[in-house]
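I have placed the structure first, in the form of structure tokens, so that the comments after it can refer back to it.
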Amino acid sequence: MVVLGIETSCDETAASIVEHKNGKKKVLSNILYSQFKEHKKYGGVVPEIAFREHVKLIDKIIIKALNKGKKKFKDIDLIAATGGPGLHGGLLIGTTVAKSISLSINKPFVPINHLEGHILSPRIEYNLSFPFLVLLVTGGHTMLIIAHKIGKYEILGLTLDDALGEAFDKVAKLLNIGFPGGPQIEKYAKKGVPNIKFAQPLINSNDCNFSFSGLKTSVLKKVSEKKNSIKFKEDVCASFQYTILNILEKKSELALKIFKKKFPTKKKNFVIVGGVASNLFLRKNFNKFAKKNNCKLFVPNKSFCTDNAAMIAWTAMEKYNKKKNNNLNFQPLPNWQI
Ligand code: KG4
Ligand code: ZN
């Protein structure tokens with residue numbers, strides 16, 4: 001089976017070909033255009049600009065994905081596109097293009113939940129069996145989830161306000177160090193010393209929920225108190241990352257306890273997914289965390305952490321077969337939950 005996947009839920013225009021052949025699933029191409037340049041001067045994603053860029057690029061990206069995967073439209077068995085959650089304009093472009101291809105080649109279209117794409121993304125590279133614990137950290141969501149099986153996800157906790165990626169982006173914006181914030185904070189933090197104490201909202205709440213808006217305000221207070229030298233910015237970034245690590249570790253420990261209670265005899269498989277999971281400081285420290293907590297950690301390659309179409313095609317391949325009913329009446333779901 002050959003699946004064409006399309007991802008346009010935010011500011012990445014992406015297409016991918018995934019193939020299931022001789023019992024093996026493989027990503028044949030994973031093409032992506034990140035609209036950083038277009039949104040940079042606004043310090044965040046502007047939905048209307050994202051929409052226009054998707055319109056401009058989507059057909060070229062799909063053709064590139066087909067060429068790189070050495071496939072033609074006639075080889076495709078299933079077309080998948082992100083159906084939500086995300087920005088309505090982008091979702092509309094991806095799903096409409098996918099439906100059009102579906103109609104013209106007479107193969108089924110399936111909408112995929114973007115969060116499910118992130119959750120299953122480690123299975124692209126790793127032989128990861130269910131159940132597993134997921135720390136999902138993106139620009140729009142922050143959650144601890146138990147993935148019981150394909151299609152069954154139990155949310156243990158989530159952010160009550162800002163998502164973690166959003167907090168990275170907002171802190172970078174108030175430090176005026178560029179967009180997207182995550183990679184910039186990571187860069188500045190490398191030279192900084194974590195010598196500033198920031199608030200850690202909900203750290204002692206004894207549940208798996210998060211809150212990052214208070215942390216952002218706490219950073220804002222320090223920034224407006226001090227002169228903004230490069231050295232100061234580096235220390236803020238290092239301290240911010242350190243605080244984040246502390247919060248994520250504390251909440252993950254609680255979630256692992258719940259996981260262990262539910263599945264006393266199962267391996268403690270723990271995955272971190274989403275754009276923030278590409279942060280090397282977090283990746284390195286979570287390796288230590290996994291050893292300490294006696295669990296097996298899986299973090300996707302960076303290219304599968306940030307938004308990509310391979311995870312969308314992959315999820316379609318895991319969930320459906322060639323005979324899947326067509327979903328031509330599907331309308332984008334900007335707030336689609338898992
Ligand atoms: O998963 P993703 O690409 O898109 C969403 O589904 O939202 O996540 C994007 C988020 C952005 O907020 C971005 O700043 C953050 O991931 N991010 C990072 C890093 N790279 C991307 N955060 C921290 N460190 C990074 N290296
Ligand atoms: Zn995402």
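In each ligand, atom 1 is the first atom listed, and ligand 1 is the first ligand listed.
The N/O atoms of G275, backbone and side chain alike, include one that comes under 3.5 Å of an N/O atom in ligand 1. The shortest N or O to N or O distance between G139 and ligand 1 is under 3.5 Å. Considering backbone and side-chain atoms together, F168 places no N or O closer than 3.5 Å to any N or O of ligand 1. No N or O atom of T306 sits closer than 3.5 Å to an N or O atom of ligand 1.
Within the 4.0 Å heavy-atom criterion, the part of H118 lying near ligand 1 is the side chain and not the backbone. Using a 4.0 Å cut-off between heavy atoms, D169 contacts ligand 1 through its side chain alone, with no backbone atom that close.
Between N308 and E12, the side chains place no donor N or O within less than 3.5 Å of an acceptor N or O (distance only, hydrogens not considered). Side-chain contact of H114 with D307: a donor-acceptor pair under 3.5 Å is present, judged by distance alone.
Relative orientation of the F240 and F168 rings is perpendicular, given thresholds of 30° and 60° on the angle between their planes. Using cut-offs of 30° and 60° on the angle between ring planes, the pair F289 and F270 is tilted. Ring orientation note: the planes of F36 and F179 are nearly perpendicular, at an angle over 60° on the 30°/60° scale. Ring planes of F210 and F212: parallel class, angle under 30° (limits at 30 and 60°).
How far CG of N30 is from CE of M311: 10.0 Å, rounded to the nearest 0.5 Å.
The OD1 atom of D307, the Zn ion (ligand 2) and the NE2 atom of H114 define an angle of 100° (nearest 10 degrees).
With a cut-off of 2.8 Å, the Zn ion (ligand 2) has no N, O or S atom of H141 in range.
Contact analysis puts G140 in contact with ligand 1, with a non-hydrogen atom separation below 4.0 angstrom. The shortest heavy-atom distance from H141 to ligand 1 is not under 4.0 Å.
Residue G165 approaches ligand 1 through these ligand atoms, each under 4.0 Å from one of its heavy atoms: 12 (O). Here is the list of ligand 1 atoms found below 4.0 Å of a heavy atom in H114: 6 (O).
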